[in-house]
2 protein chains.
Amino acid sequence: MYLIGIDLGGTNIAVGLVDEDGKVILKDSVPTMRERKYAEIIKDMAALTLKVIKDSGLCVSDVHSIGIGCPGATDDKEGVLIFTPNLKFKNVPLRAEMQKYIDLPVYMDNDANAAGLAESCAGAAKGSRSSILVTLGTGIGGAAVIDGKVYDGFNHAAMEIGHMVIVADGEKCGCGRKGCWEVYASATALIRMTKKALIENPNSIMNKLVNGDLTKVDAKTAFDAKRLGDKVGAQVVSNYIKYVAEGLVNIINIFQPEIIVIGGGVCKEGEYLLEPLNEMVGDMTFSGKYLPHTKIKAAQLGNDAGIVGAALLGKESKIEER
Amino acid sequence: MYLIGIDLGGTNIAVGLVDEDGKVILKDSVPTMRERKYAEIIKDMAALTLKVIKDSGLCVSDVHSIGIGCPGATDDKEGVLIFTPNLKFKNVPLRAEMQKYIDLPVYMDNDANAAGLAESCAGAAKGSRSSILVTLGTGIGGAAVIDGKVYDGFNHAAMEIGHMVIVADGEKCGCGRKGCWEVYASATALIRMTKKALIENPNSIMNKLVNGDLTKVDAKTAFDAKRLGDKVGAQVVSNYIKYVAEGLVNIINIFQPEIIVIGGGVCKEGEYLLEPLNEMVGDMTFSGKYLPHTKIKAAQLGNDAGIVGAALLGKESKIEER
């Protein structure tokens, strides 16, 4: 079975031909040019889809379905992209527009949900009955896959786990609240903490790593400094991981998922992140000593997660629902 | 269709005969005497069940199934009560023991989950596709019912929403963490805040309400004082509701349930709690202006929720799974 997955981003439209195990066979991309009207953007999505099918040596009739991962909220039942902050789309009939060009079933979901489905079916949480993807990036995103189904709430806007307050009356968040998890545990937060520590400790190895240039600080700086034996860097990392752990333990106490998959830029630290994180999370959870505990793993599919998850929307449970 | 619901508590065993709409036809109870061996306690549960059936003028063959709501974690698939902190049960074969006395299907779940199912099917969230019960009592309990099914996580210990940290490094919680929601928003927390305000403001009306006796402070004291125009009481209530709202908005941002049902002692305040709560929650959620919002309602079934929900375990979806 061949499936098409489309990752509709604010910068690029990526299209991949994926097999039923979630393996990417061929992929391609074009710029989104997001200021355009939706009809033009969707026309490009369809054209690139047809190109990818052709370049794979296949025909449209060889393909089972098209899945689209979109930023914002989608309504798969109605085939509508409800809204996307980046693209300024509002109530766009995504399915109908795509089907003007290609006669295939079209499924859709939020891009974070698609990535969660990909990790659940073909990545770090493969074989699990329930998993939650937590992406530590510019913000914190989340997706829950329970018994093979993406959970998205009654209004398709669930799993905004980055906007769970963990420090009541804490630092201001873009969402309007104060003390949201993503203000303390996103890559952006790590960079902010690193800069602050660097200014307060000019002798830290971190300062050498960025040649004294604050604009060069990134989410790796503190981890790199720690690996070089820098105490200030180690303190930043430990402080950051504590905040990551607070949110993860909340999620475990709420969902008790079999697996939590950590994605986003920060997950590239691998065991440097996961080992102390697992240690900190361990005894903090409410499941106690009689029950099995959630496993925390790094994401495996990287940037392909969007394409793979979108493609698998066609294969997975959503089909039965309609 | 008649169903038996059993609410196994640390103090009493309550048994009710319930119709398929969740209406209690007849109920009875006996003391649990929790220090006894599980076989004796379960024997009493069975005896009371047979008595309730007989007192209703029915036979065992008129009853569809028995459902049991238990404190702690249950494994309905295996028919086992995994553990209950109150009763010191561990891996008790609840189904097999009950079926020694009564030849009926036996279902089981956590008591909070049973209450959540009851409110979802026959109470404040009747007719909704997804609801979350939040009980503001001694602690804070929770249950999620999604598409008619209770969500309980891979280890049957999910929805410990009271142990979601909302004040990192805040007040100590019994679970070992600091700053859990229930330390700020349970009835116990409200009583603690009331006492503190009362000590700091001896001229408050609250002091008269309890005749200067701190041990008489309960979860109603501050609300009563507010209704009498007391500023200190009003401040306590407003402070308390703010913490309730912080946790509720977290839950909405995570689950986007159609309805949140507030149960537990504090929900008796009705609109005095719900009106300011709805106002505070309103614009704090992430769903924004394009999407429908979660409704917050007071629980309707009171103490019967445990019996009704336990009974409905037999009627609801769990049947298909086995």
Side-chain angles (χ1 to χ4, degrees), chain A residues 72-73 82-83 85 90-91 128-131 142 144 146-147 149 151-170 175-181 184 242-243 246-247 249-259 283-288 290-294, chain B residues 72-73 82-83 85 90-91 128-131 142 144 146-147 149 151-170 175-181 184 242-243 246-247 249-259 283-288 290-294:
Chain A
I82 304 172
F83 77 92
K90 209 182 133 185
N91 290 319
S128 71
R129 286 204 62 175
S130 59
S131 66
I146 297 163
D147 292 332
K149 290 194 191 193
Y151 177 76
D152 69 355
F154 90 115
N155 57 6
H156 315 293
M159 292 306 289
E160 286 291 350
I161 54 175
H163 299 287
M164 158 177 70
V165 161
I166 63 160
V167 183
D169 300 316
C175 78
R177 296 178 81 195
K178 286 179 181 172
C180 286
W181 190 27
Y184 294 87
K242 179 194 174 303
Y243 283 119
E246 289 286 6
V249 175
N250 282 359
I251 288 167
I252 292 172
N253 285 350
I254 292 169
F255 282 100
Q256 296 289 352
E258 202 173 324
I259 293 172
D283 287 339
M284 285 164 77
T285 60
F286 199 77
S287 32
Y290 297 120
L291 297 169
H293 283 214
T294 301
Chain B
I82 304 172
F83 78 92
K90 209 183 131 183
N91 290 320
S128 70
R129 287 203 61 175
S130 59
S131 66
I146 296 163
D147 292 332
K149 290 195 190 193
Y151 177 76
D152 68 354
F154 90 115
N155 57 6
H156 316 291
M159 292 306 290
E160 285 291 350
I161 54 176
H163 299 286
M164 158 178 69
V165 161
I166 62 160
V167 184
D169 299 317
C175 78
R177 296 177 81 194
K178 285 178 182 172
C180 286
W181 190 28
Y184 295 87
K242 180 195 172 300
Y243 283 119
E246 289 285 7
V249 175
N250 282 359
I251 287 167
I252 293 171
N253 285 350
I254 292 170
F255 282 100
Q256 296 289 352
E258 202 172 326
I259 293 172
D283 287 341
M284 285 165 77
T285 60
F286 200 76
S287 30
Y290 297 120
L291 298 169
H293 283 215
T294 301

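Numbers restart at 1 for each chain; the letters A, B, ... are given by sequence-line order, proteins then strands.
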So which residue, B/Ala73, B/Gly247, B/Gly153, ends up with the most heavy-atom pairs under 4.5 Å with chain A? B/Gly153

Just to verify, what does A/Asn91 make a side chain to side chain donor-acceptor pair (under 3.5 Å) with, not counting sequence neighbours? none

Output all residues satisfying ring pair (Phe, Tyr, Trp, His ring centres under 6.0 Å) with A/His163, sequence neighbours left out; order by chain, then residue number. B/Phe286

B/Ile146, part contacting chain A, at a heavy-atom distance under 4.5 Å: side chain

A/Asn253 (side chain) donor-acceptor with B/Met164 (main chain) under 3.5 angstrom: no

Kindly compute the distance separating CG (A/Asp169) from OH (B/Tyr243), expressed to the nearest 0.5 Å. 6.5 Å

Between A/Gln256 and B/Glu160, does the side-chain contact (heavy atoms from CB on, under 4.5 Å) criterion hold? Intermediate values first, please. CA-CA 9 Å; A/Gln256 296 289 352; B/Glu160 285 291 350; 5.8 Å; no

Quick one: pull up CZ in A/Arg177 and OG1 in B/Thr285 and give me the separation to the nearest 0.5 Å. 9.0 Å

Rounding to 0.5 Å, atoms CG (B/Leu291) and CG (A/Asn155) come to a distance of 5.0 Å

Does any backbone or side-chain atom of B/Pro292 lie under 4.5 Å from a heavy atom of chain A? Answer side chain, backbone, both or neither. both

Which portion of B/Ile82 sits near chain A, non-hydrogen atoms under 4.5 angstrom: side chain

Spatial distance of atom CD1 (A/Ile259) from atom CZ (B/Phe154) [nearest 0.5 Å]: 9.0 Å

Per-residue contact mode, B/Ser128 against chain A (heavy atom under 4.5 angstrom): neither

Looking at B/Phe255 and A/Tyr151, what are the two nearest heavy atoms and their distance? O-OH, 2.7 Å

For the interface with chain A, which of B/Glu258, B/Lys242, B/Arg129 has the highest count of heavy-atom pairs at distances below 4.5 Å? B/Glu258

Mind ranking B/Pro257, B/Ser130, B/Gly162, B/Cys180 by heavy-atom pairs under 4.5 Å with chain A and telling me who comes out on top? B/Pro257

With a 4.5 Å cut-off on heavy-atom pairs, point out which of B/Cys175, B/Ala168, B/Gly179 contacts chain A the most. B/Ala168

Residue part contacting chain A, namely of B/Phe83, when any heavy atom lies under 4.5 Å: side chain

